Amino acid sequence: MELSKRYQPADVEAKNYRFWEEGDYFRASVGVVGKVPFSIVIPPPNVTGRLHMGHALNNTLQDVVIRYRRMVGDEACWFPGTDHAGIATQNVVEKDLAKEGTTRHQLGRDAFVARVWDWKAKYGSEIIDQLKALGCSCDWSRLRFTLDEGLSKAVRHVFVRLYEEGLVYRGEYLVNWCPRCRTALSDLEVGHRDVDGGLYYIRYPLEKGGCLTIATTRPETMLGDTAIAVHPQDQRYQHLIGTYAILPILGRRLPIVGSESVDPEFGTGTLKVTPAHDPVDFEIGKKEGLESINILNGDGTLNEAAGPFAGMEREAAQRAVVERLKADGALEKIEPYRHAVGHCDRCDAAVEPLLSTQWFVRMRPLAEKAIAAVKDGRIQFVPERWTKLYFDWLENIRDWCISRQLWWGHRIPVWYGPDGREFVAETEEEAAARARKHYARSVELRQDEDVLDTWFSSWLWPFSVMGWPEKTEDLATFFPTSFLLTGFDILFFWVSRMVMASLCFMDDVPFRTVYITPLIVDDKGQKMSKSKGNSVDPIDLIGEYGADALRLAMAQTTGKGRTVRMPWGDLTEGRNFLNKIWNMARFVLMNLGDERPALPDQISWFEDRYILRRLSETTEAVRKNLEEYGFHLAVETLYGFTWHDVCDWYVEMAKPRIAAGDPVVRGVLYHLLRETTKLLHPFVPFITEEIWQALGEAPASVCVASYPSSSPRDPDESDVWAMTAFQGMTGGVRSIRAEWNVPATAELRVVVKADPRGPIAPVVERLETCASLTGPVEYDLAPDAIAPKGSARVVLQDLEMYVPLAGVIDLDSEAARIKKELSEMKTELDRSETKLSNEQFLKRAPEDVVEKERAKQAEFRQKRDRLQANLSSLGG
RNA sequence: GGGCGAGUAGCUCAGUUGGGAGAGCAUCCGGCUUACAUCCGGAAGGUCGCAGGUUCGAGUCCUGUCUUGCCCA
């Protein structure tokens, strides 16, 4: 196969993905004897969404893991799927309708839902295609969607069971209401941020004369006030408890109550109590048995309870109320005030606390088991610090509002009889049957209008994708899953809820290891978002750098803390690295032609043994890094080995031998290429598959080849010594050429002070190779060689080199160079000697550390003396 | 207010049981050496935020502090 000079990702990516799909390499089998199952469920992306950097990161890492496990011989299965994403998807389609000048209400529920299904059919595969473009080796035969019949059944089953166990209930509580989405939200779906507003001081007349000034950030909610509260120990107001005030404008009588919840320091120390529109007030209202007056409609306008302000929009109503208070002389003052306001995660509208009837899940009993599962080590977080946050949330958990006033989602499986009685059942038939039994006749049932929170289906994902509640072979083989990888932004939304659901319904943990990825931010450290226009499209990056380069960049973001800047540099580096790999393959194949030599048994040259040892060390390190999920370390290891050890040194040293027809070097080179290709595959699947095809090796795809194992040969210190000497000798000559501007073509004589029959003998046999790396050189070796006049000097650990450069070299500069080296060496030596003269160190440090320090000291001394001698003999 | 992360070379960041400070990019110098200029060779660049403490020994552990980012309330 002919390989192009440059690696062209576009030529190989789509082609090789097709090859994998046609070969069905990603399909996992159940019940395979002798294979360890390893499973991952994908965090399901929104079905109508597009790939973003978070997906690119998460799915790259999951793919690295699953490809690695597949290659080490596990029965690896990555379960893919998409999420129906209730509010998000409904909003997208509603926006579309708005463009057509219509609304979902005009369309009607059934037509609207049909419209969303159309949308899903049209765009739902886009995200899947994008995952494929990234190289994800999901088992597509197991693709699921959270609104599939099977998964919907799981949802209904769970709802009914929780209802029967008393863990699901319906009630009137204060919830977060998004007036834009016109639905209730859970606490998690609300983000708080500080907003500039005002603190309004309003005078409430007292029934027995005088008035009370109350500070509030929401003057318009006074229309729903049903009491006034003061701190029971507050000397200023204590005496008013039990008396009444009059609500301005509306003239309602408000009891004055005492409550510990009032902060005497805030404002005037008095609180207007609006139980229907504030969480604190709601609690006070419950305790004091106060009336709750809801003044809002679902769309955020004021309702008839607001009297003259009915029908006004919230902001307009606030202005109107303030104007009216001013006119009535009831407004004392307005101070600028910055305070936290909740906003809808999905549409960013300010959220209203609103009293309404919703369905809830009682979380505490579920949370207790979930805490225990992590405490006793059945689930482990990586990095470990996330466990604390997990515990904090679960320990302070509140009930989960699961009903949403949307149309797109799982309809709540509750039917109401004519008298409003609830019949909770998995199917309408069952509900009808129960109703018939209850009423002793057939009655008309009305299903609850609401749908369930999207996360109510996602929390079942690790087992619902495997067919639960049916008893399937997938469940028997792949549950619990081995590994979960996701961003910390859905630690509460998803991860902890999956643990709760799984312990509750499966009586087991959903996964054993949870890997939490960092968040990718832009190059200024800002969160990426569509509205800010600073988000990066991974698909564009794939087009520009190639999918494998993107994957390398993603793998390198791990280990960096909670956030990581957009790794532009790593993308370029990755692209360059791929080109390097490509050309290494090209070089080897170019020289081998059709030959596929085996690794020779007899290896006589030190560089061969050295590089094979490095391969073994690299293999071991990469395996360790992958087992411990240190993705960035694995990439760094592979990068250094491939680029520097193999390409810069081994391949360069191999060139003269190839020219000379040395069969051993061909065998070693081929071995290196094949093993490196396999080692790299989990990270860069596309390019390695392309190379694998060019090799023509078995198995047919590298993705099912077995991952290399380290086979540590006997550590031969003499090979390491020889390689170090070799690198020192070539490096020394290169330095001198660069330092004194000696052209690469000019021949140099190099006098080496070393015994050619000593340890350096293996290098002496390779002097030709040395010269091929440094330009023409004539070597003279002698144990007692003396530096010729006007020589540049190189002092290595065990030898010295002199390069006569009379007329070229400037002795002062050369002296300065050696002096600098000498002074560095003296510093090192000082440190070492101080340490060794410290009795405490000798007494307390471990023996091997002391031994090592002694060796260093000897080495430094020797080198210092050599440098000193060279410096003084420089002139003569 | 509580919690967490980050502060190491000009920039972006590695540095896993505490034991001679690293990479990539950028910079400077020299090379189109027939695998690769997405390349090769050479060089320069750091009191590891600050102050204490533990230790024979601290970038690494502890305490405090400053700067910065995020999450929760």
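Since this is a predicted model, take the numbers as computed values, not measurements. Proteins get letters first, then strands, A, B, ... in listed order; numbering begins at 1 in each.
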(message) Heavy atoms only, 4.0 Å cut-off, all strands: where does A/Lys5 land among base, sugar-phosphate and nothing?
(response) sugar-phosphate
(message) Categorize A/Arg398 for me: base, sugar-phosphate, or nothing, with a 4.0 angstrom heavy-atom threshold over every strand shown.
(response) sugar-phosphate
(message) Under 3.5 Å, is there a donor on one side chain and an acceptor on the other for A/Trp721 and A/Asp798?
(response) yes
(message) Need the pair for B/C32. Rule: Watson-Crick or G-U wobble, both distances under 3.5 Å, any strand; none if unpaired.
(response) none
(request) Report yes if at least one side-chain N or O of A/Asn396 is closer than 4.0 Å to OP1 or OP2 of B/C72; otherwise report no. (result) no
(message) Just the rounded figure in Å: distance from P of B/C56 to CG of A/Leu836.
(response) 17 Å
(request) Take atom CZ of A/Phe841 and atom P of B/C56, then tell me their distance rounded to the nearest Å. (result) 12 Å
(request) Count the heavy atoms belonging to other residues, nucleotides or ligands that lie under 6.0 Å from CD of A/Glu747, then report whether that count exceeds 12. (result) yes
(message) Between B/A44 and B/G10, how far apart are the two P atoms, rounded to whole Å?
(response) 15 Å
(request) Pick base, sugar-phosphate or nothing for A/Ser735, based on heavy-atom distances below 4.0 Å to the nucleic acid. (result) sugar-phosphate
(message) Classify A/Glu853 by what it touches in the nucleic acid, base, sugar-phosphate, or nothing, heavy-atom distance under 4.0 Å.
(response) nothing
(request) Take atom CZ of A/Arg385 and atom P of B/C70, then tell me their distance rounded to the nearest Å. (result) 16 Å
(request) Consider the side chain of A/Lys580, meaning its heavy atoms from C-beta on, and name the nucleotide among B/C40, B/G5, B/G15 that approaches it most closely. (result) B/C40
(request) Flag yes if more than 12 heavy atoms outside A/Lys375 fall under 6.0 Å of its NZ atom; otherwise flag no. (result) yes
(message) Output the rounded distance in Å from OH (A/Tyr639) to P (B/U38).
(response) 14 Å
(message) Between the base of B/A23 and the side chain of A/Glu573, is one N or O donor paired with an acceptor at under 3.5 angstrom?
(response) no
(message) Checking A/Trp582 against A/Gln8: is there a side-chain donor and acceptor pair closer than 3.5 Å?
(response) no
(request) For A/Glu544 and B/U38, give me the distance from atom CD to atom P, rounded to whole Å. (result) 14 Å
(message) Please report the distance separating the P of B/G59 from the corresponding atom of B/G52, rounded so that it comes out in whole Å.
(response) 14 Å
(request) Taking all heavy atoms of A/Leu773 and all of A/Met653, pick out the closest pair and write down the distance. (result) CD1-CG, 4.1 Å
(message) Please report the distance, rounded to the nearest Å, between CG in A/Asp489 and C1' in B/C71.
(response) 11 Å
(message) When the C1' atoms of B/U8 and B/U67 are compared, how many Å lie between them, rounded to an integer?
(response) 16 Å
(message) Looking at B/U16, which nucleotide sits across from it as a Watson-Crick or G-U wobble partner, both distances under 3.5 angstrom, or is there none?
(response) none
(request) Can you tell me, in whole Å, how much space there is between the C1' of B/A14 and that of B/G1? (result) 35 Å
(request) Return no unless some side-chain N or O of A/Trp568 is found under 4.0 Å from OP1 or OP2 of B/A26. (result) no
(request) Return the nearest nucleotide to the side chain of A/Met590; candidates are B/A35, B/A14, B/G3. (result) B/A35
(request) Using the C1' atom as the reference point in each nucleotide, state the distance between B/C50 and B/C66 in Å, no decimals. (result) 7 Å
(request) Between B/G45 and B/C4, how far apart are the C1' atoms? Round to whole Å, please. (result) 34 Å
(message) B/U38, OP1 or OP2 - any side-chain N/O from A/Arg575 closer than 4.0 Å?
(response) no
(message) Taking 4.0 Å as the cut-off, does a side-chain nitrogen or oxygen of A/His632 come that near to OP1 or OP2 on B/G15?
(response) yes
(message) Taking B/G42 as the reference, what is the distance to B/G24 when you measure between their P atoms (whole Å, please)?
(response) 12 Å
(message) Using a heavy-atom cut-off of 4.0 Å across all strands, would you classify A/Glu839 as base, sugar-phosphate, or nothing?
(response) nothing
(request) First locate atom CZ of A/Phe683, then atom CE of A/Met554, and finally report the distance between them rounded to the nearest 0.5 Å. (result) 13.5 Å
(message) Under 3.5 Å, is there any donor-acceptor pair linking the side chain of A/Arg565 to the base of B/U12?
(response) no
(request) Give A/Arg737 one of three labels, base, sugar-phosphate or nothing, depending on what nucleic acid heavy atoms sit under 4.0 Å from its own. (result) nothing
(request) Scan A/Val651 against the nucleic acid and name what it touches under 4.0 Å (heavy atoms): base, sugar-phosphate only, or nothing. (result) base
(request) Report the nucleotide, chosen from B/A35, B/A73, B/C56, that has the shortest atom-to-atom distance to any side-chain atom of A/Phe587. (result) B/A35
(message) Both A/Lys388 and A/Thr558 contact RNA chain B. Which one's nearest nucleotide lies toward the 5' end?
(response) A/Lys388
(message) Under 3.5 Å for both donor-acceptor distances, Watson-Crick or wobble: does B/G52 have a partner, and if so which one?
(response) B/C62
(message) Pick the closest RNA chain B nucleotide for A/Gly525 and for A/Met825 by heavy atoms, then say which residue is nearer the 5' end.
(response) A/Met825
(message) Any side-chain to backbone donor/acceptor pair from A/Lys835 onto A/Glu853? Under 3.5 Å, distance only.
(response) no
(message) Base of B/A44, side chain of A/Lys820 - is there a donor-acceptor contact under 3.5 Å?
(response) no
(request) Pick base, sugar-phosphate or nothing for A/Trp740, based on heavy-atom distances below 4.0 Å to the nucleic acid. (result) nothing
(message) When you measure from the side-chain N and O atoms of A/Arg831 to the phosphate of B/C56, is any distance below 4.0 Å, counting only OP1 and OP2?
(response) no
(message) How many whole angstroms separate atom CD of A/Glu847 from atom C1' of B/G57?
(response) 18 Å
(message) So if I take every side-chain heavy atom of A/Ala738 and compare against B/G19, B/G42, B/A73, which nucleotide ends up nearest?
(response) B/G42
(request) May I ask which nucleotide in the shown strands pairs with B/U47, Watson-Crick or G-U wobble, both distances under 3.5 Å? (result) none
(message) Considering every strand and a 4.0 Å limit on heavy-atom distances, what is the contact class for A/Leu773: base, sugar-phosphate, or nothing?
(response) nothing
(request) Let me see the working for A/Tyr68 and A/Tyr629 under ring-ring contact (aromatic ring centres under 6.0 Å, His included), right down to the final yes or no. (result) CA-CA 11 Å; A/Tyr68 171 67; A/Tyr629 306 111; 9.2 Å; no
(request) Select base, sugar-phosphate, or nothing to describe what A/Lys527 touches, counting heavy atoms under 4.0 Å on all strands. (result) sugar-phosphate
(message) Students often get this wrong, so: under 4.0 angstrom with heavy atoms, is A/Ala845 touching a base, only sugar-phosphate, or nothing?
(response) base
(request) Could you check whether A/Pro846 gets within reach of a base, just the sugar-phosphate, or nothing at all, counting any heavy atom under 4.0 Å? (result) base
(message) Testing the 3.5 Å rule here: is there a donor-acceptor pair between the side chains of A/Tyr173 and A/Asp399?
(response) no
(message) Which nucleotide, if any, forms a Watson-Crick or G-U wobble pair with B/A6, using both distances under 3.5 Å?
(response) B/U67
(message) What is the separation between atom CD on A/Glu824 and atom C1' on B/A21, rounded to the nearest whole Å?
(response) 13 Å
(message) Can you confirm whether or not the ring centre of A/Phe631 sits under 6.0 Å from the ring centre of A/Tyr515?
(response) yes
(message) Can you check the distance between B/C11 and B/U17, where both ends of the measurement are the C1' atom (answer in whole Å)?
(response) 32 Å
(message) Does the structure show a Watson-Crick or G-U wobble partner for B/U38, both distances under 3.5 Å? Name it, or say none.
(response) none
